[in-house]
**Q** 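Got a structure for you, written out below as structure tokens; questions coming shortly.
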Amino acid sequence: MDRLVVISGIGCTGRASGYFAADSYHTTHGRAIAFASGVKVANPDLKPVVISGDGDLFAIGGNHFIHAARRNVDMLVLCVNNFNYGMTGGQMGPTTPDSAITVTSPDGNIEHPFNLVSVAAASGAVFVARWTALHARRLTKSIEKALQKKGFKFIEVISPCPTLYDRYNRYGSGLDVMKKYREISVIRNFTDPMKAEIDYRTRIVCGEFVDTEKPEFTDLLAQQSDRLQKR
Amino acid sequence: MLTRQERTPIIPEEEQATKYQIIVNEDWCKGCGFCYSFCPREVLEKSTRFNSKGYYPPEAVNIDRCVGCGLCEALCPDFAIHVEEKKAKIKAKKGDK
Amino acid sequence: MARTEIRLGGLGGQGVIKSAVIIGEAASIHDGKEAVQTASYGPESRGSACKAEVIISDAPIDYPLVLTPHVMVALSNDAFHKYKEDLSKEAIVIIDSDLVKAGKIKAGVRLYQVPAATTAHQVLKNPLVTNVVMLGAFTAISKAVTPEAMRKAIANAFPKYKELNLRAFDEGMQLGHKAMEQSTTKK
Amino acid sequence: MQKAVLTGERFTQGDIAAAEGALAAGCRFFAGYPITPATEIAERMAYRLPRIGGRYIQMEDEIASCTAVVGASYAGVKSMTATSGPGVSLMNETIGLAVMTETPMVLVNVMRGGPSTGQPTEASQSDIMQAKWGSHGDYEIIALIPSSVQEMFDLTIQAFNLSERFRVPAFVLADEIIGHMRERLVIPPEDEIEIVNRKKPTVPPEEYLPFKAEEDLVPPMATFGEGYHFYATGLTHDERGYPVMDEEAQLALVPRLCDKIRKNADKITRAENTETEDAEILLVAYGGEARTALRAVKDARANGIKIGLFRPISVWPFPKEQLKEAAANAQHVVVAELNYGQLVGEVERVIRNEVPVHLIPRVCGTPHTPDELMKEIRRRIN
């Protein structure tokens, strides 16, 4: 536990870092991954875990996400995706589905959403999984598995937003949404992340999609530095 | 093939009945219903009394059916549920160490 | 020597800034004087007129920029004409006679012509050392730095090509002495 | 293996001297993003850090760079970044976070002309106020301004020491003149360099309160991985580090963040006087422009003019007491700066209306020449 550092950004999930009896840090909006990169590079013995939301990680923090994944910096990024900016009152964000209603897309969202597992895989993550909040035990197992791996790991957790997003779109209570997950989610491990469908109404493909190995950034830095110091 | 009579139940009912307890911090509950709706053994049910916030917290009506899977604990968005093995078992665990 | 202001002008890529750094290092580290080197940085790094300047002094240097150069070394025609206007009276001007056509120049200025490019090509067989040939001539003519200090700074600046550059420097020194015999002062 | 402290003499650039100063101070982490005229610092760090067991990372932007530095500092490593004004504009968000979470870190800003992209390759001192007020909210910060290549080295070490001592980000506010020019740099032997490290907790983890200040208003700092299991947040927090949104929490925190600098100002501020004892005209200048001013003072003194130079070395906190002393006999105070008037406001706050305060601004990308400066001084005084 002394090696764990839990880092969060801003949003509904932002306060998550405060729930751990571990070293933890609550950054500004979008910057959790950049902070975690600093932590990991400065002290590679530490195990950073970033917990944040879809808006934080993929809109304002999107650049940090793709570059940390590209570098393959060792960290686990857990994204709680509720399809909107919940904490600020339910505005549309980078994962808001086509035509969905939010307070800043009152006539239906015309933007195309990110498929987060696809972004993560394309950016170079070595482990990519998606579960819904209902898959609590499978999610726990994926987290355990990801923590054993070295590199940039990404797990998306589809989560209800009963007070805002689900209400605006008339999906019912949190319980209704969770029941919907049970009905429409399918587990398809090693599906091509590009094809890992995510449709709130019809089908959510869950599972572990990517589990691969490649050299990790701080290991490469250390190797290079060791080589240079011997000169 | 073993006949049904020959098989030993994996979880003997009588042992099971004393194994787990579910502790609910009722005042943290916001009544979402996840715990009792998704309990695979139908251990939990919505209670009929209000908590201090005006929600109906869950109660373990069939605790003898609980297999300690912890799904209710994991699903609770408010950290209001805690599933644990009963004390006898806990003692044994400590002794193991 | 109170304060000697030196300007080197040429085209980006000719080693103008590097030459100024070598002079500065020779003066401040190896001759034990004070020196400041500055350069004007533009967005282009190759092919446009550029200048680098050095101030050498016995006393600490306050104002770090060149006001009226006492010595100017020119490696290109453009640079020569662009940077010659604010020379001090009796300034020393050293030009690479292969690359610069000395036109009108202020009265009182002493002009020295050094065939550095030809020497680099024909004697040293490497056009890249043209600037070091000019540094040799500069050292011989200006006496702003000692040859020993320059040799040390050149050796530090080109650790892999030390021998070639030191030969270029020596050739330049000789060209410098020759140029002094032929020099003219514009009246 | 290369040495961290390259003891000896060399003829080098201000930017390089800042990098070497950082290494000498114990910096072992650098995160940055290329920008003129500060890039040489990143380049030097990219070359030097891996050779002495440190780490360099080029991030995707300045926001990420500054944030990674905060993370690295919390991971227990002395850390810095270097940029120019446009980069600081992006970093300001994280500078606020660093102030709020009391993070020791150093930022070198090699200033260029602005606003916006401005004059990338020209000299300016127009980020004086940005350094102080760049992020939102009430806070104090430390900023030192070097006037020579040697000071780029020395003040970078001092910036680290002050930053570690007071758990606050410290700026080295250089200008392009000092950043790019070359001069002799003397690096002393390693054991002659004074190094200050952050205070560490002396209590066991269960008693540790990460934001409980000691008498000097600075809390001891645990780092990640030491077993203290603490939490830090950019939200208003109590001594435990947990968010508390009430009046008392803000009142206990924000004044302390300011006061730990204000009340310790005598330990932070520094300034240099030249011929100020009998000066009837007090010239105030700093950074690259101070070298013009020094020459102007010498020339004017040679002509019998009673003029002296006050050079603030720390601009934040501003050396008020030192200025009062230097201006004791002055009938005119003249501020020359490479901007359209920034530090002059601070000078006016100190001098009040006792004697006239004149501003000589310059925004064209080069410093005044000594003659131009003297002409401007005469014009204002007569």
Side-chain angles (χ1 to χ4, degrees), chain A residues 1-10 14-15 17-48 60-68 70-71 73 217-218 220-231, chain D residues 1-2 28-31 47-61 63-79 81 93-94 96-98 100-101 103 105 135 205 210 222-235 237 240-243:
Chain A
M1 277 296 277
D2 284 354
R3 295 167 62 208
L4 178 69
V5 183
V6 184
I7 300 149
S8 61
I10 300 288
R15 291 286 282 273
S17 57
Y19 302 147
F20 289 81
D23 289 333
S24 45
Y25 194 101
H26 183 196
T27 69
T28 40
H29 196 28
R31 316 301 173 211
I33 289 177
F35 184 94
S37 294
V39 168
K40 183 68 196 181
V41 175
N43 182 356
D45 289 338
L46 296 173
K47 302 281 275 178
I60 188 166
N63 208 24
H64 309 313
F65 181 92
I66 59 174
H67 288 283
R70 174 179 65 77
R71 294 184 191 106
V73 184
F217 182 68
T218 59
L220 293 173
L221 273 180
Q223 284 164 25
Q224 194 174 51
S225 175
D226 289 347
R227 207 167 60 235
L228 291 166
Q229 286 179 74
K230 276 176 200 141
R231 272 192 196 168
Chain D
M1 185 170 163
Q2 280 187 2
R28 293 294 178 272
F29 179 92
F30 183 100
Y47 169 76
R48 287 275 281 141
L49 275 170
R51 286 170 171 75
I52 61 168
R55 293 291 180 267
Y56 167 88
I57 179 170
Q58 184 167 312
M59 297 298 286
E60 51 277 7
D61 57 34
I63 306 171
S65 304
C66 195
T67 313
V69 166
V70 178
S73 183
Y74 259 88
V77 177
K78 286 190 189 176
S79 305
T81 186
E93 171 195 307
T94 310
L97 177 71
M100 195 60 148
T101 57
T103 313
M105 61 185 285
S135 196
T223 47
F224 295 154
E226 290 177 337
Y228 284 88
H229 297 178
F230 63 96
Y231 174 72
T233 175
L235 288 165
H237 46 270
R240 300 169 307 150
Y242 285 99

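Proteins come first, then strands; the chains are lettered A, B, ... in the order of their sequence lines, and each starts at number 1. Only a predicted model underlies this, so the values are computations on that prediction, with no experimental measurement involved. Reckoned from all heavy atoms, side chains included, excluding hydrogens, waters and symmetry mates.
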**Q** Could you check which of A:Ala34, A:Ala42, A:Ser24 has the highest count of heavy-atom pairs closer than 4.5 Å to chain D?
**A** A:Ser24

**Q** If you measure from CD on D:Gln2 to CZ on A:Arg231, what distance do you get to the nearest 0.5 Å?
**A** 10.0 Å

**Q** For the interface with chain A, which of D:Val77, D:Leu49, D:Ile57 has the highest count of heavy-atom pairs at distances below 4.5 Å?
**A** D:Ile57

**Q** What is the ring orientation for D:Tyr74 with A:Phe35, classed by angle as parallel under 30°, tilted 30 to 60°, or perpendicular over 60°?
**A** tilted

**Q** Would you mind checking if A:Arg70 and D:Glu60 are paired as a salt bridge, meaning a charged N to carboxylate O distance below 4.0 Å?
**A** no

**Q** Between A:Val41, A:Asp226, A:Ile66, which has the largest tally of heavy atom pairs under 4.5 Å with chain D?
**A** A:Val41

**Q** Contact part of D:Phe230 toward chain A, heavy-atom cut-off under 4.5 Å: side chain, backbone, both or neither?
**A** both

**Q** Is chain A contacted by the side chain of D:Val69, its backbone, both, or neither, given a heavy-atom distance below 4.5 Å?
**A** neither

**Q** At their closest point, which heavy atom of A:Gly18 faces which heavy atom of D:Tyr242, and how far apart are they?
**A** O-CE2, 3.5 Å

**Q** Measuring from atom CE of D:Met59 to atom NE2 of A:His64, what distance do you get when rounded to the nearest 0.5 angstrom?
**A** 7.5 Å

**Q** Would you mind checking which part of A:Leu46 comes under 4.5 Å of any heavy atom in chain D, side chain (CB onward), backbone (N, CA, C, O), both or neither?
**A** side chain

**Q** Checking the side chain of A:Asp2 only, and the main-chain atoms of D:Glu226 only, is there a donor and an acceptor separated by less than 3.5 Å?
**A** no

